[in-house]
Amino acid sequence: MSRLARALPLLFPLWLAACAGLDLDQASVPLTSAAPASEYADMSPNQRREHERLVASYGGAYNDPELKALIQQVVERLVAASERPDLKYRVTVLNSPAINAFALPDGSLYVTRGLLSLANDTSELSSVLAHEMAHVIARHATIREDQVKQAVLVSRVISDVVNDPDLGALAMQKSRRTLASFSRGQELEADAIGVGIAARAGFDPYGASRFLTDMGRFGDLKSAAFSGSSSTTPDMDFLSSHPATPERISIAIANARQYANGAPQGDGERDRNAYFSAIDGMVYGDDPKEGFVRGRKFFHPKLGFTFTAPEGFSLENTSQAVLGATQSGREALRLDAVRVAPDQSLAQYLSSGWVEGVEINTVETLTVNGFTASTAIARGDQWSFRMFAIRFGSDVYRLIFAARELTPELDKQFRTAADTFRRVSSGEAETVKPLRVRIVTAGLGDNVEKMAARMQVPDRPTERFLILNGLDTSAKLKYGEKVKIIAE
């Protein structure tokens, strides 16, 4: 089976990290661009390389002076209240719609603007930052790296010295299970340490449980679009390396009660107004400069092209590829860019072996809106693929459609969709505006439904509005209450 055929099922269960499961070619060209931040010149060469790699993989750094100032104030309070007030931290806001945060052993903390758009006050922000600081304090990254090195060493000794590759593979599999359990323990330990740091810094200790609740609701909303998909691959175990959200919420609540004298609500700072002021106007979702999704359409003003997926597809933009799938999970797509030698024809490229199972008799040369292209069909054990290679500028764009059953009708839809790949004019590019987090005030007569109607989102506006504002389905808006909506 081809690498593509083996990797494709991972697209669905790992949707939020889909690109990691679809490493089709080492020569892939990023669909985003990013410049390193000049203030990190004090890093060692190795630290700087790792920082630049991480920042580039998340669409670059997001620069907003007011937001940065608020985060810096929160970090300073947390450091002073932590077990290691001597440690120094540097925080980078990543220009990514993903909901993520992580830390490096050197004290570099990273948080995406996608995560910041989900938080609703300073205590929720503090819970995220304190959790990541806890990983540094507890040396989790360093300890885990040592564990991984030991696991690899044991596997190699068994495979090479004992000369038993199967036994070596079994040892590595057992080590992975141990590391997964180890990681779960680390996450829960960081939760506990983080709640303590935030509480001692004067923030509401229940901020962590509120944020985890909203994060879980958002995850459910994202996965609902792919509820029909499934996977039985061992890589599903990746998800087990993090505690189930309900478990983390219940433990976070128990941790918070220790700092709230058992009360169901804390009396620490939440400061919703200050937080809303800092995120007002922040870019939401895809940054148009790095390509964005609007419904079934992908538009990249900077690279100068657009593409529309077939009916029924939902799209996700990542730094390396545009990924798509239908709700049933029986069809999927990937659009990425690679470098192909100018003297190699695209027909030759499709047949060159980067994917197995290509049916040579299906390879054909064509043009797509004036661009040289080639297409072919490849078949694996469970998936069939209609592949296109389109030469656009100095790069070749690969548009790969996958289906459990590639019927003639479905193949026709894939061809029609490929024909939508075209150049965009400079005038089109200039008219594109990003979606942003807008802070608005509820007036007399405003309710959840009216506010949700102002949301410029592709679907489920009411559900998205409630999750974005940390409100339950029975919530009533108060006159003068500030809430978040998504609009240009």
Quick one: does [X]'s side chain get under 4.5 Å of [Y]'s, heavy atoms only?
{"X": "Phe299", "Y": "Val424", "answer": "yes"}
{"X": "Leu87", "Y": "Val136", "answer": "yes"}
{"X": "Tyr284", "Y": "Lys484", "answer": "no"}
{"X": "Asp191", "Y": "His131", "answer": "yes"}
{"X": "Phe371", "Y": "Arg423", "answer": "yes"}
{"X": "Arg339", "Y": "Asp395", "answer": "yes"}
{"X": "Ile251", "Y": "Leu188", "answer": "yes"}
{"X": "Val283", "Y": "Leu435", "answer": "no"}

First locate atom [atom1] of [X], then atom [atom2] of [Y], and finally report the distance between them rounded to the nearest 0.5 Å.
{"X": "Phe388", "Y": "Leu366", "atom1": "CZ", "atom2": "CG", "answer": "7.0 Å"}
{"X": "Glu132", "Y": "Ile137", "atom1": "CD", "atom2": "CD1", "answer": "11.5 Å"}
{"X": "Ile249", "Y": "Asp214", "atom1": "CD1", "atom2": "CG", "answer": "9.0 Å"}
{"X": "Ser209", "Y": "Arg248", "atom1": "OG", "atom2": "CZ", "answer": "12.0 Å"}
{"X": "Leu406", "Y": "Asp411", "atom1": "CG", "atom2": "CG", "answer": "4.5 Å"}
{"X": "Leu109", "Y": "Thr92", "atom1": "CG", "atom2": "OG1", "answer": "8.5 Å"}

For [X] and [Y], work out which heavy atoms get closest and say how close.
{"X": "Ala252", "Y": "Leu212", "result": "CB-CD1, 4.1 Å"}
{"X": "Phe298", "Y": "Thr306", "result": "O-OG1, 2.8 Å"}
{"X": "Ala417", "Y": "Phe307", "result": "O-CE1, 3.5 Å"}
{"X": "Ser117", "Y": "Leu468", "result": "O-CD1, 3.4 Å"}
{"X": "Ile99", "Y": "Leu118", "result": "CD1-CD2, 3.6 Å"}
{"X": "Ala376", "Y": "Val363", "result": "CB-CG2, 3.7 Å"}

- Query: Taking the six-membered ring for Trp, are Phe313 and Phe401 parallel (under 30°), tilted (30 to 60°) or perpendicular (over 60°)?
  - Reply: perpendicular
- Message: Tell me whether the rings of Phe392 and Phe305 are parallel (<30°), tilted (30 to 60°) or perpendicular (>60°).
- Response: perpendicular
- When Glu364, Arg415, Arg386 are each screened for side-chain hydrogen bond (donor to acceptor under 3.5 Å, both in side chains) with Thr375, the one that passes is Arg386
Pairing donors with acceptors under 3.5 angstrom, does anything connect the side chains of [X] and [Y]?
{"X": "His135", "Y": "Glu187", "answer": "yes"}
{"X": "Asn95", "Y": "Arg113", "answer": "yes"}
{"X": "Tyr110", "Y": "Asn100", "answer": "no"}
{"X": "Tyr349", "Y": "Arg398", "answer": "yes"}
{"X": "Arg391", "Y": "Thr372", "answer": "no"}

Short side-chain to backbone donor-acceptor contact, [X] and [Y], under 3.5 Å:
{"X": "Asn369", "Y": "Asp419", "value": "yes"}
{"X": "Glu50", "Y": "Asn46", "value": "no"}
{"X": "Thr362", "Y": "Ile377", "value": "yes"}
{"X": "Arg296", "Y": "Ala309", "value": "yes"}
{"X": "Glu331", "Y": "Ala325", "value": "no"}
{"X": "Thr416", "Y": "Lys412", "value": "yes"}
{"X": "Thr112", "Y": "Leu115", "value": "yes"}
{"X": "Asn317", "Y": "Val293", "value": "no"}
{"X": "Glu463", "Y": "Arg460", "value": "no"}

- Message: Does Phe385 form a side chain to side chain contact (heavy atoms under 4.5 Å, CB included) with Arg334? I'd like the steps, not just the answer.
- Response: CA-CA 11 Å; Phe385 309 92; Arg334 175 186 172 106; over 6 Å; no
- Message: Taking the basic N atoms (NZ, or NE/NH1/NH2) and the acidic carboxylate oxygens, is any pair closer than 4.0 Å for Glu124 and Arg210?
- Response: yes
- Under 4.0 Å between a Lys/Arg side-chain N and an Asp/Glu carboxylate O for Asp220 and Arg217? no
- Quick one: side-chain hydrogen bond (donor to acceptor under 3.5 Å, both in side chains) partners of Asn469, sequence neighbours excluded? none
- By side-chain hydrogen bond (donor to acceptor under 3.5 Å, both in side chains), which residues pair with Ser351, not counting sequence neighbours? none
- Task: Go through Arg464 and Asp459 one step at a time and tell me if the salt bridge (charged side-chain N to carboxylate O under 4.0 Å, His left out) criterion holds.
- Result: CA-CA 8 Å; Arg464 291 180 185 276; Asp459 58 11; 2.7 Å; yes
- So which of Leu323, Ile400, Leu315 actually passes side chain to side chain contact (heavy atoms under 4.5 Å, CB included) with Leu333? Leu315
- Identify the residue among Glu359, Glu405, Glu356 that makes a salt bridge (charged side-chain N to carboxylate O under 4.0 Å, His left out) with Arg379. Glu359
- Task: Start with the C-alpha gap between Lys302 and His300, add the side-chain angles, then the distance that decides, and say whether side chain to side chain contact (heavy atoms under 4.5 Å, CB included) holds.
- Result: CA-CA 6 Å; Lys302 196 169 184 179; His300 204 307; 3.6 Å; yes
- Query: More than 12 foreign heavy atoms under 6.0 Å from CZ of Arg454: is that the case here?
  - Reply: no
- Message: Around atom CD of Glu311, are there more than 12 heavy atoms from other residues, nucleotides or ligands closer than 6.0 Å?
- Response: no
- Task: Kindly indicate, with the supporting measurements, whether the criterion side chain to side chain contact (heavy atoms under 4.5 Å, CB included) is fulfilled by Leu116 and Val111.
- Result: CA-CA 8 Å; Leu116 295 173; Val111 57; 4.0 Å; yes
- Message: Once side-chain contact (heavy atoms from CB on, under 4.5 Å) is applied, do any residues pair with Gln348, and if so which ones, sequence neighbours excluded?
- Response: Gln344, Ser345
- Query: What do the steps show when you test Met282 against Arg436 for side chain to side chain contact (heavy atoms under 4.5 Å, CB included), and what is the final call?
  - Reply: CA-CA 5 Å; Met282 183 176 66; Arg436 297 183 182 274; over 6 Å; no
